[in-house]
Amino acid sequence: AGLRMREQRFDRVLEFLQPLGVGPSPSRRAQALELQARLALKDWSAAEELAGRVGEQANNPQYKPYVAALALQAQGKHEEAIAAFREVLAAQPALTGALAGIARSYRERQKPAEAGAAIEAFLQDHPEDLGARQLLATEQLQDGNTAGARQTLERGLPADPTWLAGYRGLGVVAIREQKPQEAVAAYERA
């Protein structure tokens, strides 16, 4: 199903996942892929219904509003999506997917500076959030700011010295700078 998603054969994703999404405890990974496929196919009502079920199963009342924000984003309604993602993030700061949604909508609107600023503002209130830190480093890399990405990642490692994504990010930064020895050193630190 993951391969079919990459190929953008969303109808085949749904066909393949059908037997995995039924029963008393359906596969969460299967549900996530189904949701992505339904959003890509613009099947808003089915996506909303699935989001409600997944949210209930996970006891997460913010999941359905999060998916609604994704649907707005998929429809190109970026201002509305940003507002919806902000509401989800205010209610559940640990749902960094909402922060990623804000950044993506700003990028879609050709406003990369606002994407980075939104993540930095979030990190002011949640400096230990490693998911947000990784997201900021990714944004910085997209802008070609390897020094900023390195600094962002290094600042996260004292909070969790076992943060593998941080080390992996440092390796990516070093490779982008064509410093393979630094990349190896980052991986050895991990």
Side-chain angles (χ1 to χ4, degrees), residues 2 5-6 10 13 21 26-143 145 148-149 152-153 155-156 159-160 163-166 168-169 172:
M5 284 296 294
R6 287 190 200 121
F10 307 116
V13 171
S27 162
R28 288 206 181 172
R29 178 71 177 129
Q31 288 176 322
L33 285 169
E34 179 184 349
L35 189 56
Q36 290 172 8
R38 294 210 180 275
L39 288 171
L41 290 168
K42 299 178 174 39
D43 188 352
W44 313 125
S45 61
E48 184 178 355
E49 189 265 328
L50 177 59
R53 283 197 325 256
V54 171
E56 286 174 18
Q57 291 166 1
N59 196 24
N60 184 347
Q62 291 306 310
Y63 194 74
K64 190 171 180 178
Y66 168 69
V67 171
L70 286 173
L72 289 168
Q73 187 176 62
Q75 295 172 64
K77 298 177 180 178
H78 294 292
E79 286 301 318
E80 293 174 56
I82 289 169
F85 283 130
R86 286 190 190 281
E87 286 180 27
V88 169
L89 202 55
Q92 188 176 346
L95 211 164
T96 52
L99 185 60
I102 292 168
R104 182 174 178 208
S105 278
Y106 277 127
R107 284 255 176 214
E108 292 283 326
R109 295 184 60 229
Q110 308 300 315
K111 295 184 176 186
E114 282 87 342
I119 302 166
E120 288 173 355
F122 180 83
L123 279 169
Q124 290 293 320
D125 295 332
H126 308 278
E128 304 296 315
D129 190 313
L130 297 177
R133 194 160 288 286
Q134 182 178 358
L135 185 59
L136 179 59
T138 300
E139 290 292 320
Q140 290 166 324
L141 279 175
Q142 285 183 14
D143 293 335
N145 182 1
T152 296
L153 295 166
R155 285 185 180 162
D160 182 1
W163 182 38
L164 293 178
R168 186 174 46 247
V172 169

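Values below: every heavy atom of this structure, side chains too, minus hydrogens, waters and symmetry copies. Position 1 is the first residue of the sequence, and the numbers go up from there.
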**Q** Of all heavy-atom pairs between Ala71 and Trp44, which one has the smallest distance, and what is that distance?
**A** CB-CE3, 3.7 Å
**Q** Counting C-beta onward and ignoring hydrogens, is there a side-chain heavy-atom pair between Gln92 and Tyr66 closer than 4.5 Å?
**A**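 No; the side chains remain at least 4.5 Å from each other.
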**Q** Provide the closest heavy-atom pair for Thr152 versus Ala137 in the form atom of the first, atom of the second, distance.
**A** CG2-N, 4.0 Å
**Q** So, taking the atom named OG in Ser105 and the one named CD in Glu79, what distance separates them when rounded to the nearest 0.5 Å?
**A** 8.5 Å
**Q** For residues Ile102 and Ala118, report the shortest heavy-atom separation together with the two atoms involved.
**A**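 Nearest heavy atoms, Ile102 then Ala118: CG2-CB, 3.8 Å.
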**Q** Hey, does the side chain of Gln73 reach the backbone of Gly101 with a donor-acceptor pair shorter than 3.5 angstrom?
**A**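 Yes, because the side chain of Gln73 sits within donor-acceptor range (under 3.5 Å) of the backbone of Gly101.
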**Q** Are the side chains of Val67 and Leu35 in touch, meaning some heavy atoms are under 4.5 Å apart?
**A** yes
**Q** Gln134 side chain to Leu130 main-chain N or O, any donor-acceptor pair under 3.5 Å?
**A**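 Looks like no, no N/O pair under 3.5 Å.
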**Q** Which residues pass the side-chain hydrogen bond (donor to acceptor under 3.5 Å, both in side chains) test with Arg168, not counting sequence neighbours?
**A** none
**Q** Restricting to side-chain hydrogen bond (donor to acceptor under 3.5 Å, both in side chains), what partner residues turn up for Gln142, sequence neighbours left out?
**A**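 side-chain hydrogen bond (donor to acceptor under 3.5 Å, both in side chains) check on Gln142 returns Arg107.
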**Q** What's the separation between atom CD in Gln36 and atom CG in Leu41, rounded to the nearest 0.5 Å?
**A**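 That separation rounds to 12.0 Å.
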**Q** From Gln75 CD over to Leu70 CG, what is the distance, rounded to the nearest 0.5 angstrom?
**A**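 The CG atom of Leu70 is 11.0 Å from CD of Gln75, to the nearest 0.5 Å.
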**Q** On a heavy-atom basis, which atom in Phe122 and which in Pro93 lie closest, and how many Å separate them?
**A** CZ-O, 3.4 Å
**Q** For Gly116 and Leu136, which heavy atoms make the closest approach, and how far apart are they?
**A** O-CD1, 4.0 Å
**Q** Calculate, to the nearest 0.5 Å, the distance between atoms CG and CD belonging to Asp160 and Glu128 respectively.
**A** 9.5 Å
**Q** Begin from the C-alpha positions of Leu72 and Phe85 and carry the test side-chain contact (heavy atoms from CB on, under 4.5 Å) through to its verdict.
**A** CA-CA 10 Å; Leu72 289 168; Phe85 283 130; over 6 Å; no
**Q** Rounded to the nearest 0.5 Å, what's the gap from CG on Leu123 to CZ on Arg155? Could you check?
**A** 10.0 Å
**Q** Please report the shortest heavy-atom distance between Ala98 and Leu89, naming the atom on each side.
**A** CB-CD1, 4.1 Å
**Q** Starting at CZ of Phe10, measure out to CG of Leu39 and round the result to the nearest 0.5 Å.
**A** 10.0 Å
